[in-house]
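In what follows, a structure is listed as structure tokens, so that the remarks can point back to it.
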Amino acid sequence: MVENFDEWFHDILEQADITDSRYPIKGMAVWRPYGFQIRKHSMNIIKNLLDKDHDEVLFPMLVPESELAKEGIHVKGFEDEVYWVTRGGQRELNEQLALRPTSETAIYPMYSLWIRTHIDLPIKMYQIVNTFRYETKHTRPLIRVREITTFKEAHTAHATKEESDEQIQDFIEMYKEFFDDLGIPYLISKRPEWDKFPGSDYTMAFDAIMPNGKTLQIGTIHNLGQTFAKTFEITFEDKDGEHKYVYQTCAGVSDRVIASLIGIHGDDKGLRLPPKVSPNQVTIIPILFKKGKEEVLAKCAEIKETLEANGLRVNIDDRDIRPGKKFNDWELKGTPIKLELGPRDLENNITIAMRRDEEEKIEIPLDDNLSDAIIDLLDKSGESLSAQAWDFLEEHVKFADTLEEIPELVESGNVVKFYWCGDEEVGHEIEEKTGYDVLGIQEEVSEGKCIASGKDAKYVALIAKTY
């Protein structure tokens, strides 16, 4: 799988009914029902976290060119990626409209209307929408697309810089909880100046290491300072009657979360889904013969009802095909627990359980403790997937003392740590000499020498091959 990961990833999206890339526009795909369920359960986790102190909203998809153009630095970051609507029916529009590449320039003109005094602050809103970017590089389903169909963006406004910095830390903790629930291990870093979000003071990012060693940016958090507040005149009257600009933050995740979920946990047999997001947490497979068929099916229905009453998502595969084909299908689709029930099992009052993350078969009594036993197996399955994924990440982060070491380490599938003085020109030099991207700063240090300049190091930074 590691050797041909990109091919595996492309095939599994089709074979496991996640998405269909045959839609007749390059870089756009259709979510199939099974994939959409994974997406829904994943987004419900982040929604529940945000709903604690954010309000969900929905803004229009179209952004007037005049609004997009107000923030010069921001629009420059997206100018080559914007889709433009220039006609309404047969009529040329007086002003062309952008399909949102992201929503700062759609949301912040409204913030300027809604925020009047300190009583209105903080304001915290989020939406889950689709965004459009004319991606000119090689497109990859869920990873590099022209329509991001699962774009969660949160936008906040605060009275002080301190509050906005606190919000950044809140987002970091929220994302850690989100990715922990998905069993996705991550590296957190502060993006270098040349790679931060256009218009932001600084950007924090979460990166995952995929099985082929490439990193995938799975979440970003931006402190916008007062850049957009000054552009869109977002001001408030404080307690002393003085008018001040707000401080803002934003944070986003996208389809790449699902891509990392699939890629990091998958194996040669197909998907391995964490129980919290699997469309079916338990799949019951009846082993049917002419004799005792009705009794087995009735017991399967009873087990399903019992487990569903305890909040589990359960399906019965009663298709008229060989049991081996059913087992293979649900291994491919990654259902966490398979339960096998045949006439002999019914006589012995047991069911045979198998976790997707391991091969061992487990006999479980069909008694009042059945639901507890299954929930325990699901918990262990989720914990096992997470532990395996974290072990992989920790094994694939290496430290380099010289520039010459970096290419061999990266090409061996690793993310590389190194000492850096923090100078931007030196950062570009490191990228040019190695051919890889500096992900960002992982920590500040007071020891060591810069890998390129030989000056005192200020940071431990990360470099990697990226998507």
Side-chain angles (χ1 to χ4, degrees), residues 1-23 26-32 34-35 38-39 42 135-146 182-187 207-218 254-274 277-278 324-325 327-336 356-359 384-398 406-416 434-437 439 463-467:
M1 172 182 161
V2 173
E3 292 76 14
N4 59 351
F5 172 73
D6 287 337
E7 180 182 343
W8 175 92
F9 183 80
H10 185 274
D11 289 346
I12 199 65
L13 292 180
E14 177 183 340
Q15 294 166 3
D17 296 329
I18 306 297
T19 61
D20 193 328
S21 297
R22 294 175 295 179
Y23 190 76
K26 179 179 169 62
M28 298 186 182
V30 178
W31 282 97
R32 301 201 63 190
Y34 194 75
I38 297 171
R39 174 191 182 274
S42 299
E135 180 60 67
T136 55
K137 296 181 182 179
H138 179 60
T139 60
R140 299 176 187 272
L142 301 184
I143 291 176
R144 192 170 290 282
V145 295
R146 290 180 172 174
L182 300 178
I184 298 173
Y186 44 80
L187 297 165
D207 292 284
I209 306 177
M210 302 299 271
N212 59 2
K214 288 186 179 180
T215 61
L216 186 64
Q217 179 179 284
I218 54 174
S254 72
D255 299 326
R256 288 184 166 200
V257 170
I258 312 301
S260 63
L261 182 79
I262 291 168
I264 287 170
H265 295 311
D267 64 12
D268 289 332
K269 294 180 180 180
L271 301 178
R272 296 195 305 170
L273 294 174
V277 299
S278 182
K325 177 68 166 69
F327 282 114
N328 289 338
D329 284 352
W330 293 109
E331 280 189 343
L332 175 72
K333 288 196 167 187
T335 193
R356 176 62 179 86
D357 58 300
E358 56 181 31
E359 300 297 324
S384 172
L385 287 179
S386 179
Q388 290 175 50
W390 274 104
D391 286 346
F392 177 88
L393 180 139
E394 289 165 4
E395 289 168 6
H396 288 81
V397 178
K398 308 292 186 183
I406 290 176
E408 183 178 349
L409 287 171
V410 171
E411 292 303 322
S412 299
N414 300 298
V415 172
V416 178
T434 63
Y436 307 112
D437 297 320
L439 290 183
I463 192 166
K465 186 183 287 186
T466 62
Y467 274 100

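Quantities reported herein were computed from a predicted structural model and do not represent experimental measurements.
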- Query: With side chains defined as the heavy atoms from C-beta onward, is the minimum distance between V415 and L187 less than 4.5 Å?
  - Reply: yes
- Task: State, yes or no, whether a side-chain contact exists between S21 and L13 at a heavy-atom distance under 4.5 Å.
- Result: no
- Can you tell me how far CD1 of I262 sits from OG1 of T19, rounded to the nearest 0.5 angstrom? 7.5 Å
- Message: Quiz question: by atom type and distance under 3.5 Å, do the side chains of S412 and E408 form a donor-acceptor pair?
- Response: no
- Task: Return the minimal non-hydrogen interatomic distance between I264 and M210, and the atom names on each side.
- Result: CG1-SD, 4.1 Å
- Gap between atom CG of D11 and atom CG of L332 - 0.5 Å precision: 10.5 Å
- Item | Residue pair I12 / I18, side-chain heavy-atom distance below 4.5 Å | no
- Query: Do K465 and N212 come within less than 4.5 Å of each other through their side chains, counting heavy atoms only?
  - Reply: no
- Query: Is the shortest heavy-atom distance from the side chain of K333 to the side chain of D17 under 4.5 Å?
  - Reply: yes
- Would you call the rings of F5 and F9 parallel, tilted or perpendicular if under 30° counts as parallel and over 60° as perpendicular? tilted
- Query: If we only count heavy atoms from C-beta on, is the T466 to T215 side-chain gap below 4.5 Å?
  - Reply: yes
- Residues two or more places apart in sequence or in another chain: which of them pass side chain to side chain donor-acceptor pair (under 3.5 Å) with R146? none
- Message: Assess whether a salt bridge exists between K269 and D267, defined as any Lys/Arg side-chain N lying under 4.0 Å from an Asp/Glu carboxylate O.
- Response: no
- Query: When you measure from the side chain of R144 to the backbone N and O of Y467, does any donor-acceptor pair fall under 3.5 Å?
  - Reply: yes
- Take atom CD in E411; do more than 12 heavy atoms of anything else shown fall under 6.0 Å from it? yes
- NE2 on H10 to CD1 on I143, rounded to 0.5 Å: 11.0 Å
- Interatomic distance, CG@L261 vs CZ@R39, rounded to 0.5 Å, equals 13.5 Å
- Query: Checking K398 side chain against E395 main chain: does a donor-acceptor pair fall under 3.5 Å?
  - Reply: yes
- Can you name the nearest heavy-atom pair linking P211 to G263, along with the distance? CG-O, 3.2 Å
- Message: Looking at R356 and L271, would you say the former's side chain and the latter's main chain have a donor-acceptor pair under 3.5 Å?
- Response: yes
- List the atom of V257, the atom of I218, and the distance in Å for their closest heavy-atom pair. CG2-O, 3.7 Å
- Query: Is the backbone of G183 close enough, under 3.5 Å, to the side chain of H265 for a donor and an acceptor to pair up by distance?
  - Reply: yes
- Are V397 and I209 close enough that some pair of their side-chain heavy atoms sits under 4.5 Å apart? yes
- Task: State the CD1-OG distance between I258 and S42, to the nearest 0.5 angstrom.
- Result: 3.5 Å
- Query: What's the shortest heavy-atom distance between L385 and D357, and which atoms?
  - Reply: CD2-CB, 4.0 Å
- Closest approach of P336 to P274 (non-hydrogen atoms, all atoms of both residues): CG-C, 4.5 Å
- Do you know the tightest heavy-atom contact between L393 and Y186? CD1-N, 3.8 Å
- Item | Those residues that, when tested against S254, pass side-chain contact (heavy atoms from CB on, under 4.5 Å) (two or more places apart) | I148, F151, R256
- Under the 3.5 angstrom rule, does the side chain of N414 hit a backbone N or O of V416 as a donor-acceptor pair? no
- Message: The criterion is ring pair (Phe, Tyr, Trp, His ring centres under 6.0 Å); which residues satisfy it with Y34, sequence neighbours excluded?
- Response: none
- Value for NE2 (H396) from CG (L409), rounded to nearest 0.5 Å, stands at 11.0 Å
